[in-house]
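These notes concern the structure reproduced below.
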Amino acid sequence: MGKRLSRAAIEEYRRDGYYFPVSVLSAGEAREYRERLELIERDLGGPLRGVYRIKPHLLLTWLAELVRHPAILDAVEDVIGPDILCWNTSFFTKEARSPGFVSWHQDATYWGLSEPDVVTAWVAFTESTPANGNMRVIPGSHRTQVPHVDTFHPDNLLSRGQEISVEVDESQAADIVLQPGEMSLHHVLMVHGSGANPSADRRIGFAIRYIPTRLRQTGGPRDSATLVRGADTYGHFEPEPRPETDLDPAMLALHAEISDRQARILYRGTEKTSF
Ligand code: NI
């Protein structure tokens, strides 16, 4: 038994590369998170775009709280150990009746991190089901890195429209189905993707990327991360402060620098230089 996950659950994560569902928020709390997001979207005049897609937990206090939520961190600790950095966050929002999709890919391909010991906690603010474009995974695919190509397809929600360049056997795919307030955990090498959202409501997921403090950034400029549990005795990442108010001007300035560095890592080798 781990802090949060059973021994069987931890074994399942190691064998298959993912585990779900883990209950994190009540349905009412998930609703409140959605409302907070939609309030900010109204202020900004639409869905989060550009730099707001990268590390919004540095700009919004309620996301700074969510990345530190004990119910999430206890499960994350069970798979990557007790000294935990939050390396990145982003929303994966699919508007109602929208064509946006995510091609089959492995997250590790462009992130530049020294080891594939990275776990994503994907927290559902709305339900995520086959009706609205839930994430699909290929069980056991996290043991091998496979080649990718960039497509920059306009409806692809990924930074480079990257997709796996060898055939993916979709008959093996499993659906990650979540109710509001539940999360899934997945390994950075697991092959995953998702389809469009033809339903009448938005599908909103918040992806949090956690790493153990010993990892390094090998893909370019010095990187930064937020220590959310334990101690960082390595200092491989510049520590990030916690926002005290939403969209604080000083945090916006720091965040602009950080997202510029992230863009240089994620887009290296291409002509694109910003989000
Ligand atoms: Ni991904």
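When a ligand or atom number is given, it counts from 1 through the structure's own listing order.
Distances from the Ni ion (ligand 1) under 2.8 Å pick out these protein N/O/S atoms: His105 NE2, Asp107 OD1, His192 NE2.
Evaluation of the side-chain hydrogen bond (donor to acceptor under 3.5 Å, both in side chains) test over residues 59-69, restricted to residues two or more places apart or in two chains, returns Thr61-Asp246. Residue pairs meeting the ring-ring contact (aromatic ring centres under 6.0 Å, His included) criterion with at least one member in residues 4-31: none, sequence neighbours excluded.
For the pair Gln162 (side chain) and Arg160 (backbone), a donor-acceptor distance under 3.5 Å is present.
Scanning for ring pair (Phe, Tyr, Trp, His ring centres under 6.0 Å) contacts around Phe206 gives Phe91, with sequence neighbours left out.
Considering only heavy atoms from C-beta on, Tyr110 comes within 4.5 Å of Asp150 through its side chain.
For an aromatic pair to be called close, the ring centres must be under 6.0 Å apart, and His105 with His148 fails this.
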